[in-house]
Asker: 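I have a structure here, written as structure tokens, and I will follow up with some questions on it.
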Amino acid sequence: MATSAASSLPAFGTFDIRTQDCIDFLRGLPAESVDLIVTDPAYSGMNQHMRFGHGRIVGHYGKPDNERWFHEFSDDPESYALFLGECQRVLRRDRHIYIMFDSFSMLSLGALVRDFFDVKGVVVWDKVHLGMGHYFRRRHEQIVFASKGRRKLSRRDLPDVWAVPRIHRAVYPTQKPVKLFEFMVEASAEPGFLVCDPFCGSGSSGVAALLGGCDFIGADIDARAVEIAEQRLARFVATRQDPLEPVR
Ligand SMILES: C[S@@+](CC[C@H](N)C(=O)[O-])C[C@H]1O[C@@H](n2cnc3c(N)ncnc32)[C@H](O)[C@@H]1O
């Protein structure tokens with residue numbers, strides 16, 4: 001009997017995405033139960049900072065009805081420390097964590113990561129194309145890379161600047177390129193690892209986890225995000241095509 005090309009490829013891992021606040025989600029996971037955390041939190045600091053004149057917000061994540069598209073994580077140092085403490089609890093020993101930061105949050109919250117993890121470095125995501133900004137136009141974000149215990153990178157050929165074009169006309173606001181998370185998974189995971197993202201949005205980190213032969217567990221506070229991510233990953237598993245990033 002003829003086998004199709006898709007069925008001759010190894011099966012993808014599993015995924016589990018929950019509509020939950022990041023802290024509640026992490027508190028529900030057993031200690032030392034995940035192998036890699038990759039996450040891109042929704043910081044409020046930058047938008048507070050960018051409020052102008054009549055309360056207008058630059059980079060507003062608007063919906064047609066003018067509601068905010070998604071909640072921002074209240075990123076005061078106390079909430080952020082709670083979040084990091086839970087990440088530290090659920091991550092197995094000798095494993096890695098990657099946390100994305102815009103430049104504003106990096107200065108206000110980035111140093112806290114040291115209180116919970118062994119910070120190994122900061123990677124710059126070069127978005128290649130210019131974004132907004134009143135002084136120097138923004139073209140980068142930062143990713144803090146840290147460990148719990150000791151672990152080498154599986155890939156030693158990656159620089160600490162990742163030039164990956166930002167996504168234009170993304171289906172989901174702040175949707176990040178899968179390639180970014182693929183670098184993290186390739187450098188820090190093995191097939192069969194459980195990859196966790198407590199702010200998973202449209203599920204880009206989930207696609208990268210599945211591509212790396214890993215299982216994925218994620219959460220987002222917004223039910224619409226969870227629906228998008230679940231549909232995306234289900235489609236990806238069934239067809240090996242990513243409906244939100246068809247061309248990469
Ligand atoms: C920057 S976006 C993540 C985008 C994602 N990396 C992607 O590629 O689609 C941050 C996400 O955090 C979610 N979020 C905000 N507050 C949250 C909270 N307290 N707990 C969990 N998720 C939250 C937002 O709904 C949003 O989808």
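Just the heavy atoms: all of them, side chains too, but no hydrogens, waters or symmetry mates, feed the values below. All ligand and atom numbering here is 1-based and tracks the order in the structure. Positions are given from 1, in the same order as the sequence printed here.
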Asker: In plain terms, say whether Arg151 and Glu190 are close enough for a salt bridge, that is, a side-chain N and a carboxylate O under 4.0 Å apart.
Answerer: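 A salt bridge links Arg151 with Glu190.
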Asker: Between Asp220, Val178, Asp222, Ile228, flag the one that comes closest to atom 24 (C) of ligand 1 by a heavy atom.
Answerer: Asp220
Asker: In ligand 1, which numbered atoms sit nearer than 4.0 Å to a non-hydrogen atom of Asp21?
Answerer: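 Taking each heavy atom of Asp21 in turn, ligand 1 has 18 (C), 19 (N), 20 (N) under 4.0 Å.
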Asker: Do any nitrogen or oxygen atoms of Gly203 come within less than 3.5 Å of a nitrogen or oxygen of ligand 1?
Answerer: no
Asker: Hey, could you give me each pair passing salt bridge (charged side-chain N to carboxylate O under 4.0 Å, His left out) that has a residue in residues 115-130? Not counting sequence neighbours.
Answerer: Asp118-Lys120, Asp126-Arg139, Lys127-Glu141
Asker: Taking the six-membered ring for Trp, are Phe83 and Tyr80 parallel (under 30°), tilted (30 to 60°) or perpendicular (over 60°)?
Answerer: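 It falls in the tilted class, 30° to 60°.
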Asker: Could you tell me whether some N/O pair between Ile221 and ligand 1 is separated by less than 3.5 angstrom?
Answerer: yes
Asker: Applying side-chain hydrogen bond (donor to acceptor under 3.5 Å, both in side chains), can you list everything that pairs with Glu86, at least two apart in sequence or on another chain?
Answerer: Arg89
Asker: Are a donor atom and an acceptor atom from the side chains of Arg232 and Ser202 found within less than 3.5 Å of each other?
Answerer: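 Yes, Ser202 and Arg232 have a side-chain donor paired with an acceptor closer than 3.5 Å.
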Asker: Are any of the N/O atoms in Gln175 less than 3.5 Å from those in ligand 1?
Answerer: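 No; the residue has no nitrogen or oxygen that sits under 3.5 Å from a nitrogen or oxygen of the ligand.
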Asker: Below 3.5 angstrom, do we get any N/O pair linking Tyr172 and ligand 1?
Answerer: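 It does: an N or O of Tyr172 is found under 3.5 Å from an N or O of ligand 1.
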Asker: Out of Ser204, Ser205, Ala208, who gets a non-hydrogen atom closest to atom 7 (C) of ligand 1?
Answerer: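 Answer by nearest heavy atom: Ser204.
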Asker: Is it the case that the side chains of Tyr98 and Thr39 hold a donor-acceptor pair, with the cut-off being a distance below 3.5 Å and no angle test?
Answerer: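 There is no such pair (donor and acceptor under 3.5 Å, judged by atom type) between the side chains of Thr39 and Tyr98.
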Asker: Met100: heavy atom below 4.0 Å from ligand 1, yes or no?
Answerer: no
Asker: For His129 and His168, take the angle between the two ring planes, folded into 0 to 90°, and tell me which bin it lands in: parallel under 30, tilted 30 to 60, perpendicular over 60.
Answerer: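 Ring orientation of His129 relative to His168: tilted.
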Asker: Does Cys200 have a non-hydrogen atom less than 4.0 Å from ligand 1?
Answerer: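 Contact present.
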Asker: Out of Ala223, Ala229, Ser202, Gly201, indicate the one that has the non-hydrogen atom closest to atom 9 (O) of ligand 1.
Answerer: Ser202
Asker: Using heavy atoms and a 4.0 Å limit, tell me yes or no: is Pro198 in contact with ligand 1?
Answerer: yes
Asker: Is the shortest side-chain N to carboxylate O distance from Arg150 to Asp94 below 4.0 Å?
Answerer: no
